[in-house]
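Working notes, beginning with the structure itself.
Chain letters run A, B, ... following the sequence lines, proteins first and then strands; every chain starts at 1. The analysis underlying the following values was restricted to heavy atoms, covering all of them including side chains, and did not include hydrogens, waters or symmetry mates.
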There are 2 protein chains.
Amino acid sequence: MDASTNDLPDAVLFDVDGTLVDSNYQHVVAWTRAFQGVGVVVPAPHLHRAVGMGGDQLVAAVAGDDVEREHGDAVREAWKTEYLALLDRVPALPGAADLLRACHERGLAVVLASSSPGDLLERHCAIIGADLVDEVVDAVTTADDVEASKPAGDLFSVAAQKVGAQRAVAVGDSPWDARSAHAAGVGVVLVRSGGFCDELLRGEAPDAPLYDDAADLLARLEGSPLT
Amino acid sequence: MDASTNDLPDAVLFDVDGTLVDSNYQHVVAWTRAFQGVGVVVPAPHLHRAVGMGGDQLVAAVAGDDVEREHGDAVREAWKTEYLALLDRVPALPGAADLLRACHERGLAVVLASSSPGDLLERHCAIIGADLVDEVVDAVTTADDVEASKPAGDLFSVAAQKVGAQRAVAVGDSPWDARSAHAAGVGVVLVRSGGFCDELLRGEAPDAPLYDDAADLLARLEGSPLT
């Protein structure tokens, strides 16, 4: 193995919401409703900016520590109920399944690393294609596997450990993915398909390459940090 | 009247969605579902960027002329049905009612100029506060009043004409408001409460002042183009 071979990644850690499934806007609407249920109004763009954090961190981040203390669990429970009611119309993002397959076929370990609870990840895998996921995904980590969700580094750290990766690269759509990857000491590639502005993405990862979506990353896989 | 007095605006033309009511994300979900109904997948961030255009222009803008020709009316009808199902949880944006009242109390003619159909504007006025709107709003224009909705200039032109304004200023949340105001020859002030990035807003109106939301504009009304 020469030096350049050593630089090649051996695993790719995929965020799911906004990266593989087009769920961020439904999450915003679900959180809007969940906060309204406890009498708290949080404007939708503030929620959008927080989507991709785990629910364990989002409530305090957008509504403050008092709301977290008094209503955190109720809001998270309501969010999940509201999101499940919207989930039937969440599609996969363009290129999601093909990108997973292409990474697998290149010999990369493929891990899904989502801030969502485990049962939601299962539903999202069904949207991407359950058979394909069974075939090409080597491991998954969810909020259930870690103490602190994104933007903490735990999810991507555990994801890399699960497949024994020496040099993993994370793929995500949000500033929280970038921050989490940085904390976990793994590389990061960002996609715009979660609706985050370039300025927000670049604020957390000035050097990370940006792609429009999974299809764009797949089309330009050669020369990307994944190959 | 001296020269500086002549520069003062005599009317303010308010966009509604994303400016006075927090509806943009619900519109994205409603459009997502409407397109799915005819078998067309449009990723949510693409829809977000188009929200604020009238429905007469949005379908072709995000899905192309063929989809508009074959399915345009069906998609618009489905969008409205889906949006009405989400509307019960759309709140007013922070400061919306107070900003309308403050403009009225300063002697400005207050006009609501929405790209939505007239019956949706009525529902949105109820969310802002029907009594307040009756008291402080001098005129309304909707998609029903013009041939081409935003980003054409017609809506803001007709809005200014309805109150005989000599120097109107539009307040909106989207690049389409900026473009429409420019086409109508009126000034524009932009708010971030529709979830559009500064780079998108500045792309259409490099010199327009940006405010976080109606509450922020109200707090800094002195020195703004509205006073």
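The nearest pair of heavy atoms linking B/Val29 to A/Val29 is CG2-CG2, 3.9 Å. In plain terms, the two heavy atoms of A/Pro45 and B/Gly195 that are nearest each other are CG-N, 3.6 Å.
Of the atoms belonging to B/Val21, not a single heavy atom falls under 4.5 Å from chain A. Using a 4.5 Å cut-off between heavy atoms, B/Leu86 touches chain A through backbone and side chain atoms alike. Of the two parts of B/Asp213, neither the backbone nor the side chain holds a non-hydrogen atom closer than 4.5 Å to a non-hydrogen atom of chain A.
Rounding to the nearest 0.5 angstrom, the gap separating the NE2 atom in A/His46 from the CG atom in B/Asp22 is 9.0 Å.
Heavy-atom neighbours of B/Glu135 CD from other residues, nucleotides or ligands within 6.0 Å: above the threshold of 12. A/Arg89 CZ: more than 12 foreign heavy atoms inside a 6.0 Å radius. Atom CZ of A/Arg192 is surrounded by more than 12 heavy atoms from other residues, nucleotides or ligands within 6.0 Å.
Counting only heavy atoms from C-beta outward, the side chains of A/Cys197 and B/Glu199 approach each other to under 4.5 Å. In this structure the side chain of A/Pro43 reaches within 4.5 angstrom of the side chain of B/Pro94, judged on heavy atoms.
Chosen from A/Asp198, A/Val41, A/Asn24, the residue pairing most often with chain B at heavy-atom distances under 4.5 Å is A/Asp198.
Taking the six-membered ring where tryptophan is involved, the planes of B/Tyr25 and A/Tyr25 are essentially parallel, since the angle between them stays under 30° and well short of 60°.
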